[in-house]
Each structure stands twice: as C-alpha cells, then as structure tokens.
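These values consider heavy atoms only, across backbone and side chains, with no hydrogens, waters or symmetry-generated copies. So you know, we letter chains A, B, ... as the sequences are listed, proteins then strands, and number each from 1.
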Amino acid sequence: MKPHTLSILVENKAGVLSRVAGLFSRRGFNIESLAVGTSEELSMSRMTIVVIGDDAQIEQVMKQLNKLIDVIKVSDITENETVERELALIKVSAEPGTSRAEVMQIANIFRANIVDVGAKSVVLQVIGDTDKINALETLLRQYGIKELVRTGKIALIRGAKTAKSAK
Amino acid sequence: MKTGAKIVIEGLQREGVETIFGYPGGSVLPIYDELYESSLRHILVRHEQAAAHAADGYSRASGHVGVCLATSGPGACNLVTGIATAYMDSIPIVALTGQVPTTLLGNDAFQESDITGITMPITKHNYLVKNVQDLGRVIMEAFYIARTGRPGPVLVDLPKDVCTTQVDEKSIFPEEVRLRGYQPTIRGHAKQIAKAVQLIEIAECPVIYAGGGVISAEASSELLEIAELAGIPVTTTLLGLGSIPCDHPLNLGMLGMHGTEYANYAVTECDLLIAIGARFDDRVTGKVQTFAPHASIIHIDVDPAEIGKNKKVDVPIVGDAKQILRAMITQLKKRSTAGSWQEKIRTWKQRHPLRYRSDGCLHPQYIIQQLSDLLKGEGVIVSEVGQNQMWTAQYFCFRKPRSWLTSGGLGTMGYGFPASIGAHFARPDEVVFDIAGDGSFQMNIQELGTVAQYRIPVKVAILNNMYLGMVRQWQELFYDRRYSFTELPPLEFVKIAAAYGIDGIKVETCDDVRPALKAAIETDGPFILDFRIEREENVFPMVPAGAAINEMIGGHPKQEEPEIPAAPIRKALSGGSPK
Ligand SMILES: Cc1ncc(C[n+]2csc(CCOP(=O)(O)OP(=O)(O)O)c2C)c(N)n1
C-alpha cells in the first residue's frame with residue numbers, strides 16, 4: 001500500500017468531476033488528494049489524483065477510470081521522474097514580539113512568503129512537494145495554526161515525455 | 001426547421017428502433033406529441049419500471065438496443081430499478097427521460113429530479129442535453145455507447161424547452177460518432193491468443209466457463225466449435241444458459257450456488273479454466289480462494305476491468321469473444337482431453353444428476369420439465385427471481401442463445417413479466433413464457449393491464465408456493481425455520497386475470513400440468529397459469545454463501561476423493577502466477 005500519483009486527462013465538461021469522484025467513493029478507493037484545472041488543450045482538463053492502494057487496487061482504479069467515457073487518458077506517473085508541487089496557505093498565530101519573529105524565520109528557511117499580516121496572525125504561502133509542506137506544517141503547529149488550506153498535489157513528468165505518451 | 005422532439009424521434013428511427021416502451025407526463029408532452037403521428041410503435045406500460053424491463057427484455061431477445069421513455073421526476077425515478085438491472089447484466093438500452101426546462105434546472109422545480117446524478121453509478125454513460133444543437137449527436141452517441149464494447153444502459157435527459165426549440169435542419173446528425181475517450185478493444189492480443197491455444201493443447205482436464213458475454217457477443221457457435229474441436233466440457237453461468245445446447249454431450253449445465261454437482265466438481269478439479277464473457281461473480285465462485293484451485297486461467301472479456309478483478313488470471317485476452325474464439329479456432333488442432341477426465345465427468349454426470357422427489361405431489365421441477373418438453377427448446381423463457389428462477393435454470397432445456405431472459409446480477413423481482421412483454425415485440429412469432437413466483441409476479445402485476453390492452457400473448461406460469469420461497473428456504477436452512485415475513489396469503493390469480501379479461505387456469509395436480517400448459521400455448525392471447533406447488537420445496541443442490549462450490553447441500557454423497565491432477569500446464573506458464 002503506497003501512494004500513487006495518477007495524471008488523468010478528461011473532457012472539459014460539466015459533471016466530469018462528479019463522475020470521477022463518484023467512482024472513487026462507490027468502489028471504495030481512497031483519494032488522498034485531488035487537484036483539477038485546465039490543461040494544454042482548451043477542451044480537456046487535467047486531474048492529478050493521489051490514491052493509496054496496493055498494485056491490484058491501483059490497477060482496478062485505473063481500469064475503472066478508463067471506462068468512463070469522459071476520461072481520455074489515465075497515467076500512473078508514480079514511477080516516473082516528476083516535478084511535483086503543492087501550494088498551501090497557512091494562517092498562524094503570531095503575536096507581535098517573539099513568536100512572530102520565530103514564525104517569520106521559519107518561513108524564511110522554507111522559502112515561504114508572508115502574504116498577509118494581521119494583529120495576531122500571519123498568513124504564509126508555501127510551495128513545494130508534499131514532504132516540504134508537511135514539514136512546515138509540523139513546525140508551525142506549536143505556534144497555533146488557525147486555518148490551513150492545501151491545493152493538493154499537481155505533477156508533470158520531467159523531460160520531453162508526457163503523461164499522454166507514458167504507458 | 002425542426003423541433004428537438006422531432007430530432008429525438010428521427011434519431012430513434014435512424015437507429016432502426018421500431019418499438020419503444022413508455023409512460024407520458026408533463027415534461028415529455030412535446031415528445032408524445034411527435035409520437036402521435038410517428039410510425040414508431042409506442043407501448044403504454046402501467047409503471048415506468050416495466051418500461052425499462054420491457055426495453056431490457058426486447059434487447060435480450062433481439063440483440064438490439066431497447067428503448068424506454070418516461071417523464072421527469074417520478075417517471076424517471078421509476079426507471080431506476082430497470083436501468084440498474086440492465087447495467088448489472090450488461091444489456092444495451094437507451095432510456096429517454098423528460099426534464100424540467102433548462103431555465104428551471106437546479107431550482108427544485110415541480111417534478112424535477114437529478115436523474116443523471118441518480119443514475120451515474122448504474123449507467124454506462126448518461127447525458128443531460130442543455131442545447132438542442134447537441135441533441136442529434138447525443139442520440140447517436142447514446143446508441144453507439146449502449147451497444148458497443150461491454151454493452152450497457154445509457155440515459156438521455158431531455159429538458160422540455162430543448163424538445164420544443166426549433167433548430168436548423170442541416171447538420172443535426174453528425175456523419176459518425178467520434179469519442180476520443182471511448183475506444184473499446186475488439187481484437188484480442190495475438191500473443192495472448194497463441195498462448196491460450198498452447199495451454200489448451202497441453203491441458204488434460206480443461207473446462208470452459210461461459211457467461212452472458214458469449215451471448216451478447218453472438219459467439220455461441222464459436223463456443224460450440226472450440227469446445228468440440230478440443231473436446232472441452234462447458235459449464236455456463238445463469239446468464240450463459242443457451243450458449244450451448246443443454247443436451248449436448250459436452251454441456252455441464254450451470255455452475256455456482258445452484259449449479260449442478262458435476263459442473264462444480266469439474267471446475268474444482270480442472271487444470272485449465274477458460275472463462276469467456278463471465279466475471280467470476282460471488283454466486284458463481286463461492287469462496288473465491290477455493291474456486292478452480294488447481295487451474296491455470298484464461299479469461300476472455302471485452303471489459304479489461306473484469307480481468308483480474310476477483311481472481312488472478314494467467315492469460316488475459318481483452319476483446320470481442322466472437323473474434324477471439326475465431327482466431328483461436330483457426331490455430332487449434334483437433335484434439336481430445338485426457339481419457340480419465342472424460343471418464344470422470346461421465347461418472348459425475350451419472351452419479352450426481354439433478355433430482356427431486358417423485359411422489360405424485362406437484363413439484364415445480366416437474367412443471368418446468370413438462371414445459372421444456374412441450375416447447376422443445378423453442379420460444380423465449382423469462383423468469384422472475386427466486387426459486388422459480390433457479391428451477392427454470394436447472395430444469396428447462398435451453399437449446400439456443402437469447403432463449404432465456406433473467407435478471408442475474410441485480411436479481412430483480414418483478415423483472416420477468418414486463419421483460420416478457422419486451423421479448424414478445426422482439427420475437428412476435430414465438431411463444432413467450434414468464435416463469436414466476438407469487439411474490440415476484442405481484443411486483444409488476446399491474447402489467448396485466450398492458451398485456452390486456454394490446455392482447456400481448458405472453459404466458460405467465462406462477463409457481464405459487466404462497467411464500468417468498470427463496471427467502472423462506474434460507475430461513476429454513478440458516479435461521480432455524482423462523483419464517484419472518486415470508487408467508488404470502490393465498491390469492492386467486494386466475495380471478496385477477498379475469499378482471500382484465502385474461503384467461504387462466506389454476507392447477508393443483510400433476511395430471512393437470514401438461515394439459516394446462518398446452519392450453520396456454522394454444523391460446524392466442526395472454527394466459528395465466530396458477531400452479532399450486534409443494535409449498536416448502538427447496539432448490540438443491542445449494543452452495544451456502546461463502547463456502548467452496550464443491551461443498552453442496554442437497555447433493556449426493558461423493559464417493560471418490562478428489563485427486564489433484566498432474567499439472568504439466570503449470571510449468572508451461574512462464575513463472576505461472578500463484579493463486
Ligand atoms: C425487488 C426485490 N426485492 C427483494 C428481493 C429479495 N428476494 C429474493 S428471492 C425473494 C423471494 C421471491 O419470492 P417469489 O417471487 O414468490 O418466488 P419463489 O422464490 O417463491 O419462487 C426475495 C424476496 C429481490 N430479489 N428483489
């Protein structure tokens with residue numbers, strides 16, 4: 001059981017997201033994260049879904065996804081060299097004084113940006129792979145995370161190869 | 001200029017549709033208005049569920065796409081069970097539903113229901129048409145998707161304003177269907193086919209396990225050819241019955257929960273299992289770990305997702321069963337299986353036949369045998385769900401594909417009667433029998449109205465035990481005979497039929513069975529037979545849920561110990577996968 005990253009090209013049509021999401025819940029597959037947006041072609045969207053399962057389960061997920069008429073291509077890019085990114089916004093308690101300075105220092109180390117400063121809190125924006133964001137989140141917990149949102153992972157295969165040309 | 005409603009009717013006609021089953025309502029008024037003068041035949045059912053089952057029965061009996069039509073909201077919702085039934089058995093139907101006007105969509109308007117949302121998990125695909133410009137293309141795609149690849153139901157939801165909007169006549173229907181996300185594999189992989197042939201050539205104790213896919217692929221003659229060419233015995237699933245003639249020497253009958261003892265033994269001991277258009281359903285496999293434990297498995301299926309879903313296979317072949325079997329036949333040399341295997345199967349068949357008491361009482365198995373004898377494999381036999389279904393599967397001698405229509409995957413009580421209506425319109429010159437239980441028949445008994453109105457000559461044989469028999473059987477066997485809510489009060493079905501102007505006979509003795517069946521067959525119109533059968537008759541043999549399929553209740557004591565066949569075949573597989 002390990003996380004697999006699926007890159008899925010779908011028709012850019014109403015209802016596609018619910019077809020895909022419905023398939024996952026109906027067949028008992030667990031979505032770790034899901035990110036969806038436009039792709040290189042106007043008529044297609046690309047979904048990046050991280051799903052946890054053993055090889056047989058992942059094979060079933062991919063086969064079932066492929067059966068959806070609006071799904072054009074499903075690729076498991078886990079084993080490829082990929083560029084993976086996720087963005088998180090984290091609102092942390094940071095009273096002026098010691099804790100704020102510490103939070104800003106941590107942000108610096110992680111190359112996170114302070115995108116909002118309030119009286120008692122700051123909002124950090126961080127971009128990176130899943131591990132980096134997890135690490136930052138863990139560090140910031142001690143100061144008190146008031147709100148957090150993550151986009152879910154998006155990924156592309158490195159080099160000239162594309163998910164479409166991958167197996 | 002043309003209205004959307006007109007495009008719908010034209011679209012159906014372009015697809016060769018002649019008969020549709022439906023029920024009107026507010027949001028489909030524009031379509032019904034077009035139907036008024038159209039050459040399409042519309043059969044008015046008494047409940048939309050029946051329209052869906054009739055479309056399904058039409059499809060199973062003919063091999064073509066069945067069509068049903070219902071209004072928005074309650075009408076569409078009433079189709080749901082019928083659509084799910086077709087989905088589970090991979091039956092191509094197109095369901096057309098009315099919808100509130102696009103301007104009201106999402107407003108909880110009167111009789112609005114999100115039928116595309118509701119049917120998403122039980123359709124192969126569905127559409128909500130918001131623009132009349134898309135309508136022609138959508139109708140074409142719906143039929144194409146329904147009948148190709150692994151067939152299945154497709155629903156098209158039609159808002160009322162889309163049906164009334166006028167559109168320019170040109171370019172309504174595209175030249176061809178193009179779907180970049182849908183390209184079913186038809187031709188099997190050549191290497192895999194060669195590997196399968198190689199396995200068949202070295203197998204000593206092979207068995208073919210044929211499912212409904214053989215029938216939907218119209219591959220019955222290829223099935224027979226390959227079985228005869230290599231001398232391989234054939235067992236079929238509930239939906240595969242009829243793909244090989246029942247009285248063929250290689251036929252083992254049905255396998256699984258209520259399969260024959262010899263089919264289940266053969267599968268348990270075979271060294272090669274060739275699954276064709278079957279999906280290793282739990283009612284077939286019992287405990288899946290002990291299903292065909294010594295066998296290498298070849299799995300031919302048009303749906304790649306079925307391969308390896310429930311059971312690991314050694315040689316997967318994705319594609320159309322007819323084409324794949326053709327290719328295999330051309331490569332296969334005539335051979336026979338091991339003499340000891342043939343002998344074993346002969347002995348099993350002799351020692352463990354299907355059986356029931358013959359004590360002069362009215363046993364349902366006797367009725368089915370008599371009907372089978374009278375029809376000689378002709379006609380269309382439809383069943384409801386429960387004991388009636390299993391007795392028919394066991395005791396009716398099916399000789400042709402598409403002669404047996406039953407709800408397998410969903411097990412929908414109430415399927416049979418409306419499906420027989422559909423079957424009649426597909427095969428108007430043939431006798432159509434619905435074998436029913438008194439419980440199931442009451443689930444769509446209102447269709448007596450339809451049958452009476454159009455004088456549809458379907459015959460209903462009710463195996464009346466005044467119980468929900470199959471559930472009672474489980475209560476008897478596994479719940480200490482605590483018959484919780486499974487007894488049904490006696491009912492005079494003949495009198496109910498009479499109220500609709502339909503003839504019928506009540507039958508209480510063995511001697512009256514044959515004459516009554518004859519009377520039904522010889523009557524021009526519909527006919528109801530109310531057989532008062534042995535109330536607590538059970539379906540045997542039976543594999544308890546979750547047990548291995550060679551552990552049957554009600555079977556004969558097995559005399560010989562199963563021996564594990566030597567397996568040269570295992571070695572032939574490069575690094576053969578463990579089971
Ligand atoms: C719509 C539906 N509801 C419930 C069931 C569960 N069920 C399976 S068999 C059965 C009893 C069927 O009784 P009857 O139609 O009288 O047939 P019999 O088994 O007596 O031949 C029931 C209730 C079902 N299959 N379908």
Against chain B, work out which of A:Asp70, A:Val10, A:Leu9, A:Asn66 has the most heavy-atom pairs shorter than 4.5 Å and name it. A:Asp70

Kindly check if the number of other-residue, nucleotide or ligand heavy atoms within 6.0 Å of CD (A:Glu40) is above 12? yes

Check whether more than 12 heavy atoms from other residues, nucleotides or ligands sit under 6.0 Å from atom NZ of A:Lys91, and answer yes or no. no

Judged by modelled atom types alone, do A:Ser43 and B:Arg180 share a side-chain donor-acceptor pair under 3.5 Å? yes

Any chance you could measure A:Glu11, atom CD, to B:Tyr182, atom OH, to the nearest 0.5 Å? 14.5 Å

Approximate separation, where rounding is to 0.5 Å, of A:Lys67 NZ and B:His125 NE2: 14.0 Å

Using a 4.5 angstrom heavy-atom cutoff, name the option from A:Arg26, A:Lys63, A:Lys13 with the most pairs to chain B. A:Lys63

Point-to-point distance, once rounded to the nearest 0.5 Å, from CG of B:Asp303 to CD of A:Gln64: 7.0 Å

For A:Leu68, which atoms come within 4.5 Å of any heavy atom of chain B: side chain, backbone, both, or neither? backbone

Chain A contact via B:Ile145 - which portion, at a heavy-atom distance below 4.5 Å: side chain

Which heavy atom of B:Met120 sits nearest a heavy atom of A:Gly15, and at what distance? CE-O, 4.3 Å

Among B:Ala305, B:Pro121, B:Gly149, residue most engaged with chain A (heavy-atom pairs, under 4.5 Å): B:Ala305

So, taking the atom named CG in B:Leu179 and the one named CD1 in A:Ile69, what distance separates them when rounded to the nearest 0.5 Å? 6.5 Å

Chain B heavy atoms under 4.5 Å from A:Arg19: which part of the residue, side chain, backbone, both or neither? both

How about A:Asp55: does its CG atom have over 12 heavy atoms from other parts shown lying under 6.0 Å from it? no

Take atom CG in B:Asn107; do more than 12 heavy atoms of anything else shown fall under 6.0 Å from it? yes

Heavy-atom neighbours of A:Leu42 CG exceed 12 at 6.0 Å: no

